[in-house]
Amino acid sequence: HHCVWLNNCVGRRNYRYFFVFVATGTLLGLFLFAAGLAHLLVWRSREAQSFGASISRWRVPFAMLVYGIIVTPYPASLLGYHLFLMARGETTREYLNSHKFLKKDRHRPFTQGSWWKNWAAVLLRPRPPTYLRFSKKYEEGDQRFGERRGRRTAPLTKEMQGGGLGVDAGKAVEMQNVGGKTPTFQGPAMRGTINRTPRSDGVGDPQILGG
């Protein structure tokens, strides 16, 4: 799925990198907290001062300590959540959508049968190939701008190839006549003159209404 926090999509090819990013963020937050606390406690022990005096003396390590307390829970909870997902053999979207079904109807097609096998399958499997070649130069006949063949959808017209870029680009974006032989619902047909009986007070009389 697309991660709005990273502004990037997380899938099969880059999930390990995302997991390492979350794990290292958690470890760095814990290290920041532990290093700041250790700095204050060591100075307090050596100088035989109170903890408040060590905070007044070393304000930057104390600020880093507080910062570690604030920021570490989020990557830590995200790390635990993805460890849980990997143990189940599910993706984020599969887990969130699984609650829409009964337990007997839920299915996990990628599970290996045990949590450690699922972890190994995700973290140790070879990286699948990519079908995108961003650094490759454009060549004539590139399938991205070619005719659609062997597709179930209707093929694009010549004017629409390449997104309608070209001499006939104006024709490609103009609205075409949608009328055809197949009858469609166009509302009640106006057949003949509507016979309306005027009321006794004259309301609805065509002559009074200017009809």
Side-chain angles (χ1 to χ4, degrees), residues 1-138 143-144:
H1 69 283
H2 184 79
C3 180
V4 296
W5 306 107
L6 299 177
N7 193 25
N8 192 24
C9 293
V10 180
R12 184 180 179 185
R13 300 190 72 251
N14 62 349
Y15 180 78
R16 280 181 295 187
Y17 305 105
F18 167 75
F19 179 78
V20 171
F21 168 74
V22 174
T24 53
T26 304
L27 294 177
L28 288 175
L30 293 175
F31 173 78
L32 193 64
F33 166 78
L37 181 61
H39 189 98
L40 296 176
L41 293 178
V42 168
W43 187 87
R44 173 197 173 192
S45 176
R46 288 181 178 179
E47 301 297 330
Q49 298 290 333
S50 64
F51 189 74
S54 62
I55 293 176
S56 299
R57 176 65 177 80
W58 302 101
R59 295 184 179 180
V60 173
F62 177 71
M64 295 296 100
L65 169 65
V66 175
Y67 181 75
I69 295 175
I70 295 175
V71 302
T72 304
Y74 175 71
S77 60
L78 193 60
L79 175 63
Y81 176 63
H82 280 278
L83 286 173
F84 167 76
L85 290 179
M86 286 194 298
R88 288 175 56 90
E90 285 183 324
T91 63
T92 305
R93 190 171 295 276
E94 288 174 344
Y95 177 74
L96 295 178
N97 291 333
S98 63
H99 298 282
K100 300 178 182 179
F101 306 94
L102 299 175
K103 289 186 176 181
K104 63 178 182 178
D105 297 330
R106 298 176 186 176
H107 179 59
R108 290 178 288 169
F110 300 106
T111 182
Q112 303 296 320
S114 63
W115 61 269
W116 65 272
K117 288 183 179 179
N118 289 333
W119 281 0
V122 174
L123 300 177
L124 302 180
R125 66 187 176 191
R127 189 182 185 190
T130 179
Y131 299 99
L132 301 177
R133 300 290 186 269
F134 296 106
S135 60
K136 188 176 181 181
K137 294 183 179 180
Y138 170 78
Q143 294 183 0
R144 292 174 296 175

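Hydrogens, waters and symmetry mates are skipped; everything else that's a heavy atom, side chains included, is used.
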Problem - Y17/V10 under side-chain contact (heavy atoms from CB on, under 4.5 Å): CA gap, chis, key distance, verdict - result: CA-CA 9 Å; Y17 305 105; V10 180; over 6 Å; no
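- In terms of modelled atom types and a separation under 3.5 Å, the side chain of R106 and the main chain of S98 share a donor-acceptor contact.
- Put simply, the side chain of E94 gets close to the backbone of T91: a donor and an acceptor are under 3.5 Å apart.
- A 4.5 Å side-chain heavy-atom check between Y81 and L85 finds at least one atom pair inside the cut-off.
- H39 and F62 have their aromatic ring centers separated by at least 6.0 angstrom.
- Atom SG of C3 and atom CG of L78 lie 8.0 Å apart (nearest 0.5 Å).
- Centroid-to-centroid, the aromatic rings of F18 and H82 come within less than 6.0 Å.
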Problem - Evaluation steps, side-chain contact (heavy atoms from CB on, under 4.5 Å), between T111 and E90 - result: CA-CA 7 Å; T111 182; E90 285 183 324; over 6 Å; no
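- Between the CD atom of Q112 and the CG atom of N118 there is a distance of 6.0 Å, given to the nearest 0.5 Å.
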Practice task
Applying side-chain contact (heavy atoms from CB on, under 4.5 Å), run through R127 and R12 and close with a yes or a no.
Solution key: CA-CA 8 Å; R127 189 182 185 190; R12 184 180 179 185; over 6 Å; no
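- Residue R93 places its CZ atom among 12 or fewer non-hydrogen atoms of other residues, nucleotides or ligands, all under 6.0 Å distant.
- Note on residues 50-68: no pairs pass side-chain hydrogen bond (donor to acceptor under 3.5 Å, both in side chains), not counting sequence neighbours.
- Remark: the backbone N or O of Y74 is paired with a side-chain donor or acceptor of S77 at under 3.5 angstrom.
- Proximity of a side-chain donor or acceptor of T24 to a complementary backbone N or O of F21 within less than 3.5 Å is detected.
- Between the side chain of N14 and the backbone N or O of C9, at least one donor-acceptor pair lies under 3.5 Å.
- Here the side chain of S45 pairs no donor or acceptor atom with the backbone of L41 at under 3.5 angstrom.
- Looking only at side-chain heavy atoms (C-beta outward), F19 and L79 come within less than 4.5 Å of each other.
- To the nearest 0.5 angstrom, L37 atom CG is 11.5 Å from L32 atom CG.
- Residues meeting the ring-ring contact (aromatic ring centres under 6.0 Å, His included) test with Y95, sequence neighbours left out: F84, H99.
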Practice task
May I have the step-by-step check of side-chain contact (heavy atoms from CB on, under 4.5 Å) for F33 and M64, ending in yes or no?
Solution key: CA-CA 7 Å; F33 166 78; M64 295 296 100; over 6 Å; no
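- The local environment of CZ in F51 is crowded, with over 12 non-hydrogen atoms from other residues, nucleotides or ligands closer than 6.0 Å.
- The distance from the CZ atom of F101 to the NE2 atom of H107 is 12.0 Å, given to the nearest 0.5 Å.
- Using a distance-only test at 3.5 Å, with no hydrogens or angles considered, a donor-acceptor pair links the side chain of T26 to the main chain of P75.
- No donor-acceptor distance shorter than 3.5 angstrom exists from the side chain of R125 to the backbone of A120, with no hydrogens or angles considered.
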